[in-house]
**Student:** 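One structure coming up, written as structure tokens, with questions to follow.
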Amino acid sequence: MYDHRALETKWQARWQESGLYRTGEDKNKPKYYVLDMFPYPSGDGLHVGHPKGYIATDIIARLRVMQGFNVLHPMGWDAFGLPAENYALKNKTQPRLSTDKNIVNFKRQLGLLGFSYDWDREINTTDPEYYRFTQWIFLQMWRHGLAYESFAPINWCPSCQTGLANEDLEDGCCERCGTLVEQKPMRQWVLKITAYADRLLTDLDKLPDWEEAIKEMQRNWIGRSEGAEINFAIPGSTETIAVFTTRLDTIFGCTYVVLAPEHRLVEELKDKIKNWPDVLAYLTKTKNKTELQRTDLNKEKSGVSLEGIFAINPFNNEKVPVYIADYVLNAYGTGAVMAVPAHDERDFEFAKKYDLPIRRVIKPLTGDAIELLGAFTGDGRLDDSGEFSLLLSADARVKMSDWLEKNQQGSRKINFKIKDWVYSRQRYWGEPIPLIHCEACGVVPVPEEQLPVTLPEVANYEPTGTGESPLAAMDDWVNVSCPQCGGPAHRETNTMPQWGGSCWYYLRYLDPHNNKELVSKEQEKYWSPVDLYVGGAEHATRHLIYARFWHKFLFDIGVVSTDEPFIKLQHVGLIMGEDGRKMSKRWGNVINPDDMAEKYGADALRVYEMFMGPFDQAAAWNTNGLIGARKFLEKIYLLFVNNPEKIVLADKKLLALLHKTIKKVGEDIENFHFNTAVSALMILVNGLTDYQNEFHAWPFSAAEYASFLQILSPLAPHLSEELWESLGQEGSIYKSTWPNFRPELIKDDVSIYIIQINGKLRAQLSLAAETSEAEVIATAAAEPNIVKWLEGKEIKKTIFVAGKLVNFVI
RNA sequence: GCCGCGGUGGCGGAACUGGUAGACGCGCUGGACUUAAAAUCCAGUUGUAGAGAUACAGUGCGGGUUCGAUUCCCGCCCGCGGCACCA
């Protein structure tokens, strides 16, 4: 039994004392930047699932250092935002105090696991010296017209009492507290991420080392669709109804037009609408529906016609009725659609209900004789479509778009699902938005030399629910003179959302103490971009899109030299509770890493978490598995202490196994196959244990035992360091050079042949590697079990694969 | 509904570009040590038949390609994740 507590605390203290993990500064070496998604320091502390990704990056960081790279491996805290504030409110403390306390606890917990972080580069998004630059970036966006004030209705969480971005919702509920979100018009700051939508989409193709699944999620979120915008004239009005469609080829089948209830024209055309009371009733009914009710796919479509209003289809000059219906979304496209019930399921359903005409204009290419019960939504051949009849759908879309543009009735158009980013929160615990409202000059930026605009300490930081943040009540802080004209003015009192500070933190690690600029050109050029980024897949459509957006903007204004921030992205699979459910206080299935490290050791915990299964897959916790990992380390310890004389009786097979293992462990770590790396080490250790127990000697030299420790060290740094020292090796194993495997030792001199009859295994044969084909076949055919099978049969064919198998086909 | 990922022993999982299915670990069974238990060590562990050699079946289901398929192709079923009235 080795005393893991004594051993691990000893080495953790020594590493810290010697500054072992300070980032290398020799710029002649190649660099490797390996990054974790920095944690949100919650009051609950880390559970056993959080460190899984950190263990993996630590293993990679250690491997890269040993391979001769300058490695940047930093850690910090993403500490602004709702959860921290809600936690402080619940515990009746100040967010500043509770956040600082939580950080101390998180840092202690991470310290127990022996990570090789360079703590000199620690950052904290709530530090004014940090958020000064978050504010600076916001100002640059404002200057470039990418931050604008809007009064449109947005998602409002009545429980958190703040506006939210689309990305903050889950099934129409607040992602934080699960409360049903309402639509509420309010003043807000919005970032124009849509201006980058096309680049965010197309540049995904430049990221071959991102998992396809995550890229696909982003593509869906951005949601690009190509189509056309068409203007339908309104007889008796100068207004036109613009509709967006991706199926211009179906336009001859348009039998009515639908506006979203919130569409601007509804109010504009009020005087001409003959059944206004009906319309008003419908509008009220819609307004009272929640977002969830409105988007419920199972609900029956409803709407009301705008009596007296018609729209003219420019292609055939036909006059069609106009409806409002809440299945049309005001926020997408133009908020109006041309309805083609024959070729769109939603329109079909609506037309059936209100008895509107259904006109088929696309014939399926196959089986068109069948009478369709629903809408035919596929491409086909145009029918009854004037001069465009008989064209194929795809061709028709091109020709009809040309026609539109030539006749100035509309144009080609690309739409995105992604919406501009609602960037202000009516809460206290966030970065103040560095803008000033002046009665005379309008919105004026805080001069850059006055940054940061620090978050004032307030006695009462509870949300007001009025659409203003608690800061609005702080007259001393709010009232300022205008930086431009000196007149009376007041500060913007909304704060930035949780995701603000994390949009650029990876850049700050490069140059964390620079108080002139967010990162120096020199440091940026050397360290950027991030070579490996590891974190949860839940960030695919939030943090990872936001950060790419900011990065591209910073690239455009010359702050960074690359147009993508993260070269390789690897997502980490969750660790579930022993009951298979997500670890949560609610289920009482949370396993605490402190307890596990205390009981079984940090090394055992590291090895176990990597051994649980494929890194990117979810896996259920099993403490017996952790004990297995501990036993494995125990065996290693015994290898070194059980044979103190260290007599060496050379064993070729075990030496070959060592070199195979060196090769495999290196490759597996690079490919994130930690589970098989651990298993390879176990196989080697089992071999060594058996050998030592039998012969009471080592099968190879101390130098080779040292290289075994080296390949173990990224996984189990404490124990390896201890045994490395006991072998009399100089310096830390962390600074040693990763061993090379010797290919000549790996090559087998015997080949094991499998002998098959009709593809079924019947015998095995072990022959010298250089045995000729003819000889192998002859020997195989002479095997007793094979002779039995071949007796009285004719060999039709013999398959031979060198070094592998012989297959007799009979 | 659309998109992505997956389905292998009692469990987590392994299997390189088609070539011994079940590595490694957990669990379980039997044994050794012990007054006893824990720990440790040894043996076994996909199913069926057999004392055994061995034979047959077997990687979600049904087909196909191939000398040979967990791996490739076609058609399904189930699970997980994301998006979802996006025109």
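None of these values were measured; they are calculated from a predicted model. Basis for what follows: all heavy atoms, side chains included, without hydrogens, waters or symmetry-related copies. Numbers restart at 1 for each chain; the letters A, B, ... are given by sequence-line order, proteins then strands.
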**Student:** Is any N or O donor-acceptor pair between the side chain of A:Lys301 and the base of B:rC85 shorter than 3.5 Å?
**Tutor:** yes
**Student:** Runs of at least three consecutive Watson-Crick or G-U pairs, both distances under 3.5 Å, are what I'm after; which ones involve RNA chain B?
**Tutor:** B:1-7 with B:77-83, B:10-12 with B:24-26, B:27-32 with B:40-45, B:46-49 with B:54-57, B:60-64 with B:72-76
**Student:** When you check every protein heavy atom under 4.0 Å of nucleotides 4-16 of chain B, what one-letter string (B, S, -) results, 5' to 3'?
**Tutor:** S-------BSS-B
**Student:** With rounding to whole Å, what would you report as the distance between B:rC73 and B:rU66 at their C1' atoms?
**Tutor:** 12 Å
**Student:** If you check every side-chain atom of A:Met217, which of B:rC3, B:rA87, B:rG81 has the closest atom?
**Tutor:** B:rG81
**Student:** Does A:Asp616 have any side chain to side chain contact (heavy atoms under 4.5 Å, CB included) partners at least two apart in sequence or in another chain, and if so, which?
**Tutor:** A:Glu211, A:Gln570, A:His571, A:Pro614
**Student:** In whole angstrom, give me the gap between the C1' atoms of B:rA36 and B:rG47.
**Tutor:** 38 Å
**Student:** What pairs meet the salt bridge (charged side-chain N to carboxylate O under 4.0 Å, His left out) rule with one or both residues in residues 325-344 of chain A, with sequence neighbours excluded?
**Tutor:** A:Lys289-A:Asp326, A:Lys299-A:Asp326, A:Asp344-A:Arg346
**Student:** Please measure how far the P atom in B:rG22 lies from the corresponding atom in B:rU45, and state the result in whole Å.
**Tutor:** 12 Å
**Student:** Looking at the angle O4'-C1'-N9-C4 for a purine or O4'-C1'-N1-C2 for a pyrimidine, is B:rG81 syn or anti, with syn meaning within 90° of 0?
**Tutor:** anti
**Student:** Quick test: give all pairs of protein nitrogen or oxygen and nucleotides 49-58 of chain B nitrogen or oxygen below 3.5 Å, distance rounded to 0.1 Å.
**Tutor:**
unit_1: B:rA55; atom_1: OP1; unit_2: A:Arg762; atom_2: NH1; d: 3.1
unit_1: B:rA55; atom_1: OP1; unit_2: A:Trp789; atom_2: NE1; d: 3.4
unit_1: B:rC56; atom_1: OP1; unit_2: A:Arg762; atom_2: NH2; d: 3.2
unit_1: B:rC56; atom_1: OP2; unit_2: A:Arg762; atom_2: NH1; d: 2.9
unit_1: B:rC56; atom_1: OP2; unit_2: A:Arg762; atom_2: NH2; d: 3.4
unit_1: B:rA57; atom_1: OP2; unit_2: A:Lys760; atom_2: NZ; d: 2.8

**Student:** Is the distance between the ring centroids of A:Phe611 and A:Phe632 under 6.0 Å?
**Tutor:** no
**Student:** Does B:rC67 have OP1 or OP2 under 4.0 Å away from a side-chain N or O of A:Asn758?
**Tutor:** no
**Student:** Between B:rG25 and A:Asn686, is there an OP1 or OP2 to side-chain N/O distance shorter than 4.0 Å?
**Tutor:** yes
**Student:** Within the structure shown, what part of the strands sits under 4.0 Å from A:Gly223 by heavy-atom distance: base, sugar-phosphate, or nothing?
**Tutor:** nothing
**Student:** Determine whether any donor atom in the side chain of A:Asn624 lies under 3.5 Å from an acceptor atom in the base of B:rC26, or the reverse, and answer yes or no.
**Tutor:** no
**Student:** Could you work out, with side chain to side chain contact (heavy atoms under 4.5 Å, CB included) as the rule, every residue matching A:Leu201, not counting sequence neighbours?
**Tutor:** A:Arg219, A:Ile222, A:Arg224
**Student:** Mind checking the C1' distance from B:rG60 to B:rU8? Whole angstroms is fine.
**Tutor:** 10 Å
**Student:** Suppose you measure atom P in B:rC61 against the same atom in B:rC41; what distance do you get, rounded to whole Å?
**Tutor:** 38 Å
